[in-house]
Amino acid sequence: DTGSAAAVPIDPRFDIAYVTPVTIGTPPQTLQLDFDTGSSDLWVFSSHTPTSQIRGQEIYTPDKSTTSKLLDGHTWSITYGDGSASRGNVYTDNFTVGGLAVASQAIQCAQQVSSSFTTEESIDGLLGLGFSTLNTVNPASQLTFFDNAKSKLGSPVFTADLKNKQAGTYDFGFIDKAKYTGEITYVPVNPDPGYWTFTSSGYAVGSGNFSGSPITGIADTGTSLVYLPTAIVTAYYRQVQGATNSRNYGGYVFPCSATLPPFTFGVGETKFTIPASYMSYAPVTDGSSTCFGGLQSSSGIGVNIWGDVALKAAFVVFNGANPPTLGWATK
Ligand SMILES: CN(C)c1ccc(C(=O)NN)cc1
């Protein structure tokens with residue numbers, strides 16, 4: 001079996017996040033989920049979510065599905081890197097993504113979501129694509145959609161083809177040669193503690209020379225920006241007129257009119273260049289002439305994160321074989 005579904009930016013102006021349609025239950029209920037390789041819980045806004053915390057999201061109502069089953073006594077609670085959080089109870093139900101079906105997928109129903117989820121009206125929940133070891137369901141952790149689907153897939157892979165300000169694709173079970181150019185460079189993944197952790201071979205700022213120092217980090221489709229060591233980030237913003245590290249805005253900002261250099265990172269022998277246009281994320285507030293950078297420091301996080309700003313410059317294969325690897329190709 002295979003599956004293929006669109007990854008649609010939630011905002012036409014800035015690539016904050018991408019959502020992908022899924023169906024849950026019988027008859028099928030369609031929700032738009034944020035596919036997140038940086039976590040491993042599949043959770044949804046639901047009929048168990050207080051209406052005060054719902055603002056336009058679609059919800060999953062297990063009681064309206066003839067195939068839903070309560071996973072009695074199971075609960076979950078998750079907090080993300082940006083401090084947002086959610087928690088709730090658990091059902092199993094039929095689940096499909098782009099024509100790929102899994103019976104009895106654990107569907108974590110939110111009974112509480114933090115304000116950052118309530119205000120993100122176009123995200124009806126998250127679909128974790130990290131390793132199932134990160135799943136937060138108690139007393140028994142649950143498998144991700146990918147882990148449940150793996151045995152049905154021709155090849156135990158999924159691919160991310162995220163795009164700048166346009167819809168991309170998540171494919172499951174196959175590698176679409178039409179989506180990339182040249183060869184795919186595969187690198188090792190450390191699946192402990194559960195992220196797609198790999199080591200980049202180095203970086204360059206603009207037309208500067210390539211610094212071949214290894215950068216270990218996670219490939220995270222659920223994080224908008226790229227977070228790297230401070231030394232790399234300061235080297236980048238030294239090339240941006242008027243850039244400053246703003247305590248007020250919580251990161252590097254610059255005049256939206258500034259000329260930005262592109263940013264290149266290495267995977268094995270292959271170089272990936274993030275165009276300058278991807279490196280300006282968004283105005284700090286609507287209409288402001290001050291822009292927030294797409295590259296920020298990881299010093300406060302504890303891990304380097306290759307988020308959407310980097311991932312949309314490549315075609316990425318998440319290879320769930322044993323051992324797992326990551327494949328990177330230009331496009
Ligand atoms: C508030 N929202 C929509 C979030 C979505 C995803 C994440 C995240 O850290 N994923 N790896 C955080 C927050």
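Every heavy atom of this structure was used, including side-chain atoms; hydrogens, water molecules and symmetry mates were not.
In the hydrophobic cluster analysis, where Ile, Leu, Val, Met, Phe, Trp and Tyr join through side-chain heavy atoms closer than 4.5 angstrom, Leu162 is grouped apart from Phe174. Under the 4.5 Å side-chain heavy-atom criterion for ILVMFWY residues, no single connected hydrophobic cluster contains both Val317 and Tyr18. Grouping the Ile, Leu, Val, Met, Phe, Trp and Tyr side chains by contacts below 4.5 angstrom, directly or via other members, places Ile175 apart from Phe272.
If you look at Phe265 and Trp328, their ring centroids are closer than 6.0 Å. In this structure, the ring of Phe145 has its center less than 6.0 angstrom from the ring center of Phe95.
Between the side chains of Asp308 and Ser224, no donor N or O sits under 3.5 Å from an acceptor N or O. At a cut-off of 3.5 Å, with distance as the only test, a side-chain donor of Asp41 or Gln108 sits close to an acceptor on the other residue.
The pair Asp161-Lys312 does not count as a salt bridge, with every side-chain nitrogen at least 4.0 angstrom from each carboxylate oxygen. For Arg13 and Asp286, the salt-bridge test passes: some basic side-chain N is under 4.0 Å from an acidic carboxylate O.
Ser201 contributes a side-chain N or O that, together with a main-chain N or O of Gly268, makes up a donor-acceptor pair within less than 3.5 Å.
Results of the ring-ring contact (aromatic ring centres under 6.0 Å, His included) test with His48 over Tyr91, Trp43, Tyr60, Trp76 single out Tyr91 as the only residue that passes.
Across all their heavy atoms, Leu225 and Gly293 have their closest contact at CD1-O, 3.7 Å. Scanning both residues, Ser39 and Ile78, for their nearest heavy atoms gives CB-CD1, 4.3 Å.
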With side-chain hydrogen bond (donor to acceptor under 3.5 Å, both in side chains) as the test, would you mind laying out the steps for Asn135 and Ser132 before giving the verdict?
-> CA-CA 5 Å; Asn135 182 264; Ser132 293; over 6 Å; no
Begin with the C-alpha distance, continue with both residues' side-chain angles, and end with the deciding distance and a verdict on side-chain hydrogen bond (donor to acceptor under 3.5 Å, both in side chains) for Thr23 and Thr30.
-> CA-CA 4 Å; Thr23 75; Thr30 299; 5.9 Å; no
Trp306 vs Leu228, side-chain contact (heavy atoms from CB on, under 4.5 Å): CA-CA, chis, key distance, verdict = CA-CA 8 Å; Trp306 301 93; Leu228 295 177; 3.7 Å; yes
Walk me through it: do Thr230 and Ser297 pass the test side-chain hydrogen bond (donor to acceptor under 3.5 Å, both in side chains)?
-> CA-CA 5 Å; Thr230 302; Ser297 171; 2.9 Å; yes
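Residues Tyr236 and Gln239 fail the side-chain proximity criterion, which asks for heavy atoms closer than 4.5 Å. Considering only heavy atoms from C-beta on, Ser84 comes within 4.5 Å of Ser114 through its side chain.
With a 6.0 Å radius and a threshold of 12 heavy atoms from other residues, nucleotides or ligands, Lys165 has its NZ atom above the threshold. The number of heavy-atom neighbours closer than 6.0 Å to OH of Tyr195, taken from other residues, nucleotides and ligands shown, is 12 or below. Other residues, nucleotides and ligands contribute over 12 non-hydrogen atoms within 6.0 Å of the CD atom of Gln166.
Between Trp196 and Phe318, the ring-plane angle classifies as perpendicular under the 30° and 60° cut-offs.
Applying the ring-ring contact (aromatic ring centres under 6.0 Å, His included) test to Phe292 and every residue at least two apart in sequence or in another chain returns nothing.
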Taking distance alone, no hydrogens or angles, what donor-acceptor pairs closer than 3.5 Å link side-chain atoms of residues 240-249 to residues at least two apart or in another chain?
{"from": "Ser246", "atom 1": "OG", "to": "Asn248", "atom 2": "N", "distance (Å)": "3.2"}
{"from": "Ser246", "atom 1": "OG", "to": "Tyr249", "atom 2": "N", "distance (Å)": "2.7"}

